[in-house]
Peer 1: 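Could you have a look at this structure, given as structure tokens, before my questions?
Values reported hereafter were calculated over all heavy atoms of this structure, with side chains retained and with hydrogens, waters and symmetry mates removed.
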Amino acid sequence: QVQLVESGGGLVQAGGSLRLSCAASGRTFTGVAAGWFRQAPGKEHEFVAAISWNGDSTSYADSVKGRFTISRDNAKNTVSLQMNALKPEDTAVYYCAEGRWATVTMQSYGYNYWGQGTQVTVSS
């Protein structure tokens, strides 16, 4: 049974930074892509960022490009999301996900294990 646990969420002022981490247990992230999604109150679940199995390829939602950076450490079995220049519209619950395949995808069906989520709140 794979378990993904996110950490690093919290309350930050607009313009600030947070770093989210996702740790996997029960199985490694090795060989598959990983991604971050988010869901704000009253809004759809949306793609944020993804990284390929070896970190050579990344993909970002247009709304976070240039501000967020996804990375992974396969030796530590973790995936991180560095979030800079945060905006109030980034407020959401952020979810880490393990991909089905080695390559990145922005589609939810491309991920088969999900964490419980961590709350990020950006005040104006």
Peer 1: Please name the pair of heavy atoms, one in Ala34 and one in Arg72, separated by the smallest distance, quoted to 0.1 Å.
Peer 2: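 Closest approach of Ala34 to Arg72, heavy atoms only: N-NH1, 3.9 Å.
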Peer 1: How far apart are the closest heavy atoms of Gln39 and Lys43, and which atoms are they?
Peer 2: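 Result for this residue pair: NE2-O, 3.1 Å.
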Peer 1: Checking side-chain contact (heavy atoms from CB on, under 4.5 Å) for the pair Thr58/Val104: CA distance, chi angles, key distance, verdict?
Peer 2: CA-CA 7 Å; Thr58 58; Val104 299; 5.8 Å; no
Peer 1: Go through the steps for Tyr94 and Leu18 under the test side-chain contact (heavy atoms from CB on, under 4.5 Å), then give the verdict.
Peer 2: CA-CA 12 Å; Tyr94 284 70; Leu18 282 174; over 6 Å; no
Peer 1: Is the closest side-chain heavy-atom distance between Ser71 and Gln82 below 4.5 Å?
Peer 2: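 Ser71 vs Gln82: side chains apart.
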Peer 1: Are any side-chain N or O atoms of Thr78 and backbone N or O atoms of Ala23, one a donor and one an acceptor, separated by less than 3.5 Å?
Peer 2: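 Not confirmed, Thr78 side chain does not pair with Ala23 backbone.
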Peer 1: Please report the C-alpha distance between Trp36 and Ile70 in whole Å, then the side-chain angles of each, then the deciding distance to 0.1 Å, and finally whether the side-chain contact (heavy atoms from CB on, under 4.5 Å) criterion is met.
Peer 2: CA-CA 8 Å; Trp36 288 93; Ile70 189 170; 3.6 Å; yes
Peer 1: For Ser17, which residues count as a side-chain hydrogen bond (donor to acceptor under 3.5 Å, both in side chains) partner, sequence neighbours excluded?
Peer 2: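 Applying side-chain hydrogen bond (donor to acceptor under 3.5 Å, both in side chains) to Ser17 gives Asn84.
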Peer 1: Could you state the interatomic distance from OG1 (Thr121) to CD (Gln13), rounded to the nearest 0.5 Å?
Peer 2: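 Reported to 0.5 Å precision, the distance equals 13.0 Å.
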Peer 1: For the hydrophobic clusters of this structure (ILVMFWY residues joined by side-chain heavy atoms under 4.5 Å, transitively), does one cluster hold both Val93 and Leu86?
Peer 2: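 Per the 4.5 Å side-chain linkage, Val93 and Leu86 are not co-clustered.
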Peer 1: Which pairs count as side-chain hydrogen bond (donor to acceptor under 3.5 Å, both in side chains) when at least one residue sits in residues 103-117, sequence neighbours excluded?
Peer 2: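 Matches after skipping sequence neighbours: none remain.
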Peer 1: Should Asp62 and Lys65 count as an ion pair when the cut-off is N to O under 4.0 Å?
Peer 2: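 Counted as a salt bridge, because a side-chain N and a carboxylate O are separated by less than 4.0 Å.
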Peer 1: Between Asn74 (side chain only) and Trp53 (backbone N and O only), is there a donor and an acceptor less than 3.5 Å apart?
Peer 2: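 Checked: pair present.
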Peer 1: Rounded to the nearest 0.5 Å, how far apart are CD1 of Ile51 and OG of Ser80?
Peer 2: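 Result: 9.5 Å between the selected atoms.
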Peer 1: Between Met83 and Leu20, is there a side-chain heavy-atom distance shorter than 4.5 Å?
Peer 2: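 Leu20 vs Met83: side chains touch.
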Peer 1: Indicate yes or no for a side-chain donor-acceptor contact from Glu6 to the backbone of Gly117 under 3.5 Å, with no hydrogens or angles considered.
Peer 2: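 Indeed, once roles are kept as given, a pair shorter than 3.5 Å links the two residues.
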Peer 1: Within this structure, what is the CD-CZ distance for the pair Glu46 and Arg38, rounded to the nearest 0.5 Å?
Peer 2: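 Glu46 atom CD to Arg38 atom CZ measures 4.5 Å (nearest 0.5 Å).
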Peer 1: Which heavy atom of Ser124 sits nearest to which heavy atom of Ala14, and what is that distance?
Peer 2: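 Residues Ser124 and Ala14, closest heavy atoms: CA-CB, 4.4 Å.
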Peer 1: Can you name the residues that form a side-chain hydrogen bond (donor to acceptor under 3.5 Å, both in side chains) with Asn54, not counting sequence neighbours?
Peer 2: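 So Asn54 forms a side-chain hydrogen bond (donor to acceptor under 3.5 Å, both in side chains) with Ser52, Asp56.
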Peer 1: Would you say the rings of Phe37 and Phe47 are close, in the sense that their centroids are separated by under 6.0 Å?
Peer 2: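 Aromatic pair counts; centres sit under 6.0 Å.
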Peer 1: Between the side chain of Thr118 and the main-chain N/O of Gly9, is any donor-acceptor distance below 3.5 Å?
Peer 2: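 Flag set: sc Thr118 to bb Gly9 pair under 3.5 Å.
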Peer 1: List the steps, then state whether side-chain contact (heavy atoms from CB on, under 4.5 Å) holds for Leu81 with Val48.
Peer 2: CA-CA 10 Å; Leu81 185 69; Val48 175; 4.1 Å; yes
Peer 1: Side-chain contact test, heavy atoms from C-beta onward, threshold under 4.5 Å: evaluate it for Leu4 versus Glu98 and give yes or no.
Peer 2: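 Yes, close enough: below the 4.5 Å cut-off.
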Peer 1: Just wondering, do His45 and Tyr95 contact through their side chains at under 4.5 Å, heavy atoms?
Peer 2: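 Tyr95 vs His45: side chains touch.
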